[in-house]
Amino acid sequence: MIATSDDPRIQLARDLLGTVEIAPDPLLPPRVVRVVADDGQHFVAKQHTEPDRYARELHAYRTWGTHLIGHAPKLVGRDDATHTLLLTALAGNRADTAAPGSPEEELAHHEAGHVLGKLHRATAMPQGGAVGAALAERLQSWIDRAAHVGLIDTAERNLLKHHAAILGNSLMDSAICHLDYQPRNWLIGDAFGICDFEHMRRDARVRDFARLEFRRWQAAPHLRTAFLDGYGRPLTDTERRLLESFGAIEATTALVKGHKENDLALSAHGRTVLSRLT
């Protein structure tokens, strides 16, 4: 998506800030553009294609951003008609640009754990069965979609259904979760920042670790250690078992989305995670 003068994102920025200049940023996703106001301040404007994700992200910034002051963008304004948000831009570099194995990478995981722990503790609710039942239903829907297009065989389908049953029969505490918590959404600067709140909602607290577990930590366990040290406590045996069942969701969604979007890397990731499940 190339920003032009009639782009809803640019129009919103101009309505709220006055004259702005577009600041090219190749690391931003296509739906997001960075602009600079006359006073030199940087902002980002994001347009959603799906109304429900727009509503969820707007709600997240207005409701839960209060728990992340100093670590999250601030909502400047919005345009409901075009599903566009204008946010302050966080300073710093994306954490996924840190060299693998570097002290910067390990520090980023430590800080990420610290900030996520603050959000989880501020929004925690005690154990109950509703979250697990909802996750089991969600996983079953992804299993059905994967089976429908022939992405899994009978044995794999039964394995995934086994994990759905585990989730459905588990009590788990909940919190407001980011649900795409990984280095591409972290910023390393004078303060640690997180962005991209379009998936944020109440969910199983430990599920917020799933993408890190299956995309980073299994190959670099020292990053898990650094993260949990920042988070404030290690995983219990029960939480480690639950995390494996959350891997079933990670695997199945990656397979289905990879197939739908012809994303070979995502499909391969789904296949890798599926092979690791027991």
Side-chain angles (χ1 to χ4, degrees), residues 109-110 112-114 116-121 123-147 151-183 199-257 266 268-278:
H109 280 256
H110 182 277
H114 175 69
L116 189 65
K118 290 174 62 175
L119 176 64
H120 284 176
R121 285 189 292 274
T123 61
M125 290 184 64
Q127 288 188 344
V131 174
L135 286 172
E137 184 177 350
R138 183 184 296 269
L139 175 54
Q140 187 59 57
S141 71
W142 284 107
I143 294 170
D144 293 341
R145 292 168 68 179
L151 298 175
I152 52 176
D153 60 27
T154 300
E156 292 166 337
R157 184 175 187 178
N158 289 337
L159 173 62
L160 292 167
K161 290 178 69 174
H162 169 70
H163 283 287
I166 291 174
L167 293 175
N169 291 313
S170 295
L171 299 178
M172 55 190 83
D173 55 343
S174 69
I176 298 304
C177 295
H178 185 278
L179 295 178
D180 193 14
Y181 206 63
Q182 54 182 322
H199 301 285
M200 190 177 280
R201 61 178 179 269
R202 180 164 295 281
D203 209 298
R205 179 182 57 80
V206 179
R207 192 177 170 217
D208 241 356
F209 307 153
R211 289 195 172 176
L212 289 167
E213 175 66 24
F214 294 101
R215 299 188 186 195
R216 297 273 173 164
W217 292 347
Q218 290 187 346
H222 69 286
L223 297 179
R224 184 194 297 114
T225 301
F227 184 97
L228 293 174
D229 181 61
Y231 190 79
R233 70 173 185 83
L235 294 173
T236 66
D237 289 343
T238 298
E239 289 167 346
R240 281 194 289 269
R241 288 192 293 270
L242 276 177
L243 194 54
E244 182 168 325
S245 292
F246 295 145
I249 299 177
E250 173 81 6
T252 314
T253 55
L255 287 172
V256 173
K257 291 180 179 179
L266 187 58
H269 169 68
R271 182 59 53 188
T272 298
V273 176
L274 181 58
S275 71
R276 291 174 178 171
L277 297 179
T278 58

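No experiment lies behind these values; they were computed from the predicted model shown.
- Atom CG of Leu277 sits about 11.0 Å away from atom OG1 of Thr272, to the nearest 0.5 Å.
- With values rounded to the nearest 0.5 angstrom, Trp142 atom CH2 is found 13.0 Å from Leu160 atom CG.
- Side-chain atoms of Thr123 come within 3.5 Å of backbone atoms of Ile176 as a donor-acceptor pair (strictly under, hydrogens ignored).
- In this structure the side chain of Leu212 reaches within 4.5 angstrom of the side chain of His109, judged on heavy atoms.
- In plain terms, the two heavy atoms of Phe246 and Ala204 that are nearest each other are CZ-CB, 3.7 Å.
- With a 4.5 Å cut-off on side-chain heavy atoms, Arg271 and Leu255 count as touching.
- Note that the CZ atom of Phe227 and the CD atom of Glu213 stand 11.0 Å from one another [nearest 0.5 Å].
- Each of Arg201, Arg207, Met200 was compared with His178 under the side chain to side chain contact (heavy atoms under 4.5 Å, CB included) criterion, and only Met200 meets it.
- In this structure the side chain of Glu244 never reaches within 4.5 angstrom of the side chain of Arg276, judged on heavy atoms.
- Annotation: the span from Glu239 atom CD to Leu228 atom CG amounts to 9.5 Å, rounded to 0.5 Å.
- Of the possible donor and acceptor atoms, none in the side chain of Arg205 sits under 3.5 Å from a partner among the backbone N and O of Ala124.
- Judged by distance alone, the side chain of Glu156 and the main-chain N or O of Asp153 form a donor-acceptor pair under 3.5 Å.
- Using a 4.5 Å heavy-atom cutoff, the side chains of Cys177 and His120 are in contact.
- The two residues Asp208 and Tyr181 make their nearest non-hydrogen contact at O-CB, 3.9 Å.
- Judged by distance alone, with hydrogens and angles left aside, the side-chain atoms of Asp173 form no donor-acceptor pair with the main-chain N or O of Pro126 at under 3.5 Å.
- A distance of 9.5 Å separates CD1 of Ile143 from NE2 of His163, quoted to the nearest 0.5 Å.
- Two residues are said to be in side-chain contact when any heavy atoms from C-beta on lie closer than 4.5 Å; Gln182 and Arg216 fail this criterion.
- No side-chain donor-acceptor contact under 3.5 Å links Thr252 to the backbone of Ile249.
- A 4.5 Å side-chain heavy-atom check between Val206 and Met172 finds every atom pair outside the cut-off.
- The CG atom of Leu139 lies 6.5 Å from the CG atom of Leu167; values are rounded to the nearest 0.5 Å.
- Residue Ala136 comes nearest to Ala164 through the heavy atom pair CB-O, 3.2 Å, listed as atom of the first residue, atom of the second, then distance.
- In this structure, Leu135 and Asp203 have side chains that are in contact, with non-hydrogen atoms separated by less than 4.5 Å.
- Remark: Asp144 does not engage Lys161 in a salt bridge, criterion side-chain N to carboxylate O under 4.0 Å.
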